[in-house]
Amino acid sequence: ISNLLDAFSNNNSPKPSAIVDSSYFDGYFEVVIDGYRPSSGGGQTDLDVKISNTDLAVASQSTSPNDRLVFDIVEKSASGVTLESVDLVFAQTAGFKLVGAGGTPTTMNYRVVYQDSSIAATAGSFTTSTYAYSLDLSGRPPVDYVEFWSSNTNWKLGGVGLSYETLDP
């Protein structure tokens with residue numbers, strides 16, 4: 001599926017999580033989209049996701065700084081899959097700022113957690129001069145979940161794509 005948002009009707013009602021059914025991924029996995037806010041004591045507060053066929057945010061019309069948007073990969077097939085990339089398209093209406101557009105650009109952070117807990121999570125950050133960004137995961141082990149957040153700007157997504165490869169035995 002080139003855009004996960006295509007799996008949803010135009011319903012902006014907040015929900016605890018949203019599921020992109022495995023039928024969109026040839027039965028190999030489903031994607032559970034979730035959100036949370038880290039607490040100062042190390043815990044977290046679960047937040048609703050607001051998703052439609054045009055945009056995706058955590059808790060409200062846009063995702064607030066430090067709130068996390070999570071894509072949880074739930075395998076449904078014994079052969080397994082690995083993500084090759086997560087392709088994000090940022091909405092132009094939520095305060096997202098580009099490099100070179102004046103002011104401080106939005107810094108996006110990410111963390112990739114792998115199914116094998118003995119492998120350390122991968123974390124990083126990026127800025128972009130366009131509203132699109134592709135997080136390259138090729139050659140990495142199977143992913144449990146990926147989360148994104150900004151420390152300095154409200155934001156929301158206008159599109160999300162996933163590329164994957166099957167791990168045939």
Side-chain angles (χ1 to χ4, degrees), residues 1-21 24-25 29-74 83-114 121-137 143-164:
I1 185 171
S2 61
N3 185 358
L4 297 182
L5 303 185
D6 291 343
F8 299 93
S9 63
N10 195 9
N11 177 354
N12 288 328
S13 300
K15 40 186 109 1
S17 64
I19 297 173
V20 181
D21 185 84
Y24 288 95
F25 306 105
F29 64 97
E30 67 185 15
V31 178
V32 178
I33 303 170
D34 207 350
Y36 74 93
R37 177 174 296 141
S39 301
S40 59
Q44 67 186 43
T45 302
D46 289 334
L47 298 174
D48 287 347
V49 293
K50 188 171 179 304
I51 189 168
S52 72
N53 61 349
T54 60
D55 59 42
L56 168 63
V58 175
S60 67
Q61 297 291 336
S62 63
T63 305
S64 297
N66 296 312
D67 288 353
R68 296 337 196 241
L69 178 61
V70 181
F71 298 96
D72 187 5
I73 308 304
V74 181
L83 290 182
E84 292 291 302
S85 69
V86 179
D87 304 311
L88 306 175
V89 177
F90 295 94
Q92 298 180 28
T93 59
F96 191 86
K97 294 180 180 66
L98 300 175
V99 171
T104 303
T106 298
T107 298
M108 292 298 300
N109 305 288
Y110 65 87
R111 186 168 73 117
V112 181
V113 177
Y114 302 101
T122 303
S125 63
F126 61 89
T127 57
T128 180
S129 59
T130 68
Y131 287 101
Y133 181 80
S134 182
L135 177 61
D136 182 9
L137 299 172
V143 170
D144 183 14
Y145 64 91
V146 182
E147 61 184 13
F148 295 94
W149 71 97
S150 172
S151 302
N152 65 337
T153 308
N154 287 352
W155 61 282
K156 65 181 174 180
L157 295 176
V160 182
L162 296 179
S163 298
Y164 65 97

Inset, instruction - Could you walk me through whether Asp72 and Asp34 pass side chain to side chain contact (heavy atoms under 4.5 Å, CB included), step by step? - result: CA-CA 8 Å; Asp72 187 5; Asp34 207 350; over 6 Å; no
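- Side-chain atoms of Ser39 never come within 3.5 Å of backbone atoms of Gly41 as a donor-acceptor pair (strictly under, hydrogens ignored).
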Legend entry - side chain to side chain contact (heavy atoms under 4.5 Å, CB included) between Ile33 and Ser17, worked out: CA-CA 6 Å; Ile33 303 170; Ser17 64; over 6 Å; no
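- Shortest non-hydrogen contact noted between Asn3 and Gly158 is ND2-O, 3.8 Å.
- Taking CZ from Arg37 and CZ from Arg68, the interatomic distance works out to 11.0 Å, rounded to the nearest 0.5 Å.
- Distance check, rounded to the nearest 0.5 Å: OG1 of Thr106 to CH2 of Trp155 gives 10.5 Å.
- Residues Leu5 and Leu157 come closest through the heavy atom pair CD1-O, 4.1 Å.
- Screening Val31, Asp136, Ile73 for a side-chain contact (heavy atoms from CB on, under 4.5 Å) involving Leu83 leaves a single residue, Ile73.
- Using a 4.5 Å cut-off on side-chain heavy atoms (C-beta onward), Asp46 and Tyr36 make contact.
- Contact check for Phe96 versus Thr128: side-chain heavy atoms found under the 4.5 Å cut-off.
- A side-chain donor-acceptor contact under 3.5 Å links Asn152 to the backbone of Pro105.
- Residues Ile51 and Ala18 come closest through the heavy atom pair CG2-CB, 4.0 Å.
- Counting heavy atoms from C-beta outward, Gln44 and Pro38 have side chains that stay 4.5 Å or more apart.
- Atoms CG and CZ, from Leu135 and Phe71 in turn, are 11.0 Å apart once rounded to the nearest 0.5 Å.
- Looking at heavy atoms from C-beta onward, Asp87 lies in side-chain contact with Ser163 at the 4.5 angstrom threshold.
- We find the NZ-OG1 distance between Lys97 and Thr107 to be 11.0 Å, quoted to the nearest 0.5 Å.
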Inset, instruction - Report the C-alpha separation of Thr122 and Tyr110 in whole Å, then their side-chain angles, then the decisive distance to 0.1 Å, and conclude whether the side chain to side chain donor-acceptor pair (under 3.5 Å) test is met. - result: CA-CA 8 Å; Thr122 303; Tyr110 65 87; over 6 Å; no
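- Across all non-hydrogen atoms, the minimal contact from Val20 to Ala7 is CG1-CB, 4.1 Å.
- Heavy-atom minimum distance, Ser134 versus Ser85: OG-CB, 3.8 Å.
- Considering OH of Tyr131 and CG of Leu98, their distance stands at 4.0 Å, rounded to 0.5 Å.
- Contacts of Glu30 classified as side-chain hydrogen bond (donor to acceptor under 3.5 Å, both in side chains), with partners at least two apart in sequence or in another chain: none.
- Put simply, CG on Leu137 and OH on Tyr114 are 6.5 Å apart, with the number rounded to the nearest 0.5 Å.
- Residues Gly35 and Val49 share a closest heavy-atom pair of N-CG1, 3.8 Å.
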Inset, instruction - Would you check, one step at a time, whether the test side chain to side chain contact (heavy atoms under 4.5 Å, CB included) holds for Phe90 with Thr153? - result: CA-CA 12 Å; Phe90 295 94; Thr153 308; over 6 Å; no
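- In this view, Asp144 satisfies the salt bridge (Lys or Arg N to Asp or Glu O under 4.0 Å) rule with no residue, not counting sequence neighbours.
- Ring pair Tyr133/Phe126 is parallel by interplanar angle, where below 30° counts as parallel and above 60° as perpendicular.
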